[in-house]
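Right, I'll just put the structure down here and ask away after.
Atoms within each ligand, like the ligands themselves, are counted from 1 in listed order.
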Amino acid sequence: MTKKLILDLDTGVDDALAISYALGSPEVELIGITGTYGNVLLDQGVRNSLAITDLLGHPEVKVYKGLPHSSTTDSFEVLDISAFIHGKNGIGDVDIPDSNREPETESAVDFIIDAVKTYGKDLIYVPTGPMTNIAAALKKAPEIKDEIGKIVLMGGALTVCGNVNAWEEANISQDPDAADYLFRSGAPATMVGLDVTLQTLLTYKETQTWRDLGTKAGAFLADMTDYYIKAYETTSPHLGGCGLHDPLAVGVAVDPTLITALPVNLKVDVEGPTRGRTIGDNTRLNDPVKTMQAAVQVDVPRFLDEFMTRITGLAKNAQ
Ligand code: RIB
Ligand code: CA
């Protein structure tokens, strides 16, 4: 049976590439996108997800509104650095038409719970923003930790430094308490962190392939991603490209053999100066069962090949 996929997105540039990778993957059916905050405000991210799925020829993908801010704050404001990396509109300041669809009336949290009840082990949930929605779903219906197929999250850093500061990765940093709740919940989860996502890089050469397709979808993907590559030239000039964070999480959800993972019971520091750090949980060090996996190696050429094949094929056949 085709696996069912939910993407939980703060729809910026690499989240948009994650949508594209998912829609270009016949092994999975994208049954919904749940919106979160981070690269953009919740409403802007939801708007982007609706518009992008339309442009890519998949208006059947439903979009649900999630929680607008972290579990420990009353509001959320986009950081200047996020706007610099993803553009003010989150998608490289490229203009694409608004969808004439609206987000669903069911909340993202209820949709996640209902999807687990409906699809059970056939459901894969991929959060690529803060873990706020899944933590709320686990609090509301704790049994889903044993019923869900798997969770593949983009976030954290185990063997490398963070990208917010020396120990914090951006998605975890937005809501460390929610991520810690997920990590300690016992749900089967794979952490696809900066350890591997900063090894999978895209350059202008690849985006030109999309532009050369002559489709609106190809032009959008190329222009949006070029904005992101340009930002990386300032923030991380040593890399020589942009990090494919969120699409790698989708890649691993579709094909776990793309990475080598360490079985480890992780936690997130929620107190003290290292708040936001993802690290092994000493109190569960000797538990024989490891409920999480941390990606520590990635087959870069194979992932980049899959990434380009899937997204180029999708963009070629869209508008
Ligand atoms: O640290 C990278 C992550 O932060 C990605 O998910 C990016 O989209 C931002 O949310
Ligand atoms: Ca993201």
Side-chain angles (χ1 to χ4, degrees), residues 6-22 33-42 44-46 48-49 52 63 66-67 69-70 76-92 108 125-134 151-176 178-179 182 190-202 221 224-225 227-229 231-232 235-236 239 241-253 268 276-278 294-295 298 307:
I6 297 175
L7 296 178
D8 189 286
L9 309 175
D10 58 332
T11 310
V13 174
D14 59 329
D15 304 79
L17 295 173
I19 296 175
S20 310
Y21 195 108
I33 294 173
T34 48
T36 185
Y37 60 91
N39 296 322
V40 285
L41 296 176
L42 170 70
Q44 180 70 38
V46 165
N48 291 348
S49 295
I52 292 164
V63 180
L67 295 161
H69 55 76
S70 85
F76 170 74
E77 274 180 38
V78 177
L79 297 173
D80 288 348
I81 185 67
S82 304
F84 178 77
I85 293 173
H86 296 269
K88 284 201 173 60
N89 72 354
I91 47 175
Y125 171 78
V126 179
T128 70
M131 307 297 141
T132 310
N133 291 331
I134 185 64
I151 297 169
V152 182
L153 66 107
M154 192 285 131
L158 187 64
T159 62
V160 295
C161 291
N163 56 2
V164 171
N165 56 37
W167 58 91
E168 270 190 308
E169 182 280 330
N171 288 341
I172 304 297
S173 128
Q174 300 284 11
D175 194 346
L182 166 64
T190 300
M191 183 176 100
V192 178
L194 300 177
D195 313 78
V196 283
T197 65
L198 286 176
Q199 296 184 47
T200 52
L201 305 167
L202 206 71
L221 290 172
M224 171 189 74
T225 309
Y227 184 102
Y228 185 62
I229 295 172
Y232 265 73
T235 59
S236 312
L239 288 176
C242 66
L244 295 176
H245 307 286
D246 298 350
L248 180 58
V250 177
V252 173
V268 181
R277 176 177 66 156
T278 48
V298 54
F307 175 89

Strictly distance-based, threshold 3.5 Å: is any side-chain N or O of Gln44 a donor or acceptor partner for the main-chain N or O of Asn89?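 Checked: pair present.
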With a 4.5 Å heavy-atom cut-off, do Met191 and Thr278 have their side chains touching? yes
Is there a donor-acceptor pair closer than 3.5 Å between any side-chain N or O of Asn133 and the backbone N or O of Gly35?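 Indeed, once roles are kept as given, a pair shorter than 3.5 Å links the two residues.
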Listed once per pair and sorted, the side-chain hydrogen bond (donor to acceptor under 3.5 Å, both in side chains) pairs that draw on residues 78-87, sequence neighbours left out: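 Applying side-chain hydrogen bond (donor to acceptor under 3.5 Å, both in side chains) to every pair that reaches into residues 78-87, excluding sequence neighbours, yields Asn39-His86.
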Answer yes or no: is there a donor N or O on one side and an acceptor on the other, between the side chain of Asn163 and the main chain of Ala170, under 3.5 Å?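 Side chain of Asn163 to backbone of Ala170: a pair is present.
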Specify the closest pair of heavy atoms between Gly12 and Ile91, including all atoms of both residues, with the distance to one decimal. O-CG2, 4.4 Å
Mind checking what makes ring-ring contact (aromatic ring centres under 6.0 Å, His included) contact with Tyr232, not counting sequence neighbours? Tyr228
Using modelled atom types and a 3.5 Å cut-off, is there a donor and acceptor pairing between side-chain atoms of Tyr37 and backbone atoms of Ser70?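 Confirmed, Tyr37 side chain pairs with Ser70 backbone.
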Any donor-acceptor pair under 3.5 Å from Asn48 side chain to Thr11 backbone: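 Checking the backbone N and O of Thr11 against the side chain of Asn48, a donor-acceptor pair under 3.5 Å is found.
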Between ligand 1 and the protein, give all atom pairs where both partners are nitrogen or oxygen and the distance is under 3.5 Å, as lines of names plus distance to 0.1 Å.
residue, atom, partner, partner atom, Å
ligand 1, 1 (O), Asn163, ND2, 2.8
ligand 1, 1 (O), Glu169, OE2, 2.4
ligand 1, 4 (O), Asn171, OD1, 3.2
ligand 1, 6 (O), Thr128, O, 2.9
ligand 1, 6 (O), Asn171, ND2, 3.0
ligand 1, 6 (O), Asp246, OD1, 2.6
ligand 1, 6 (O), Asp246, OD2, 3.1
ligand 1, 8 (O), Asp14, OD1, 2.5
ligand 1, 8 (O), Asp14, OD2, 3.3
ligand 1, 8 (O), Asp15, OD1, 3.1
ligand 1, 8 (O), Asn39, ND2, 2.9
ligand 1, 8 (O), Asp246, OD2, 3.2
ligand 1, 10 (O), Asp10, OD1, 3.4
ligand 1, 10 (O), Asp10, OD2, 3.0
ligand 1, 10 (O), Asn39, OD1, 3.4
ligand 1, 10 (O), Asn39, ND2, 3.4
ligand 1, 10 (O), Asn171, OD1, 2.7

Near the Ca ion (ligand 2), meaning under 3.0 Å, the protein N/O/S atoms are Asp10 OD1, Asp15 OD1, Asp15 OD2, Thr128 O, Asp246 OD2
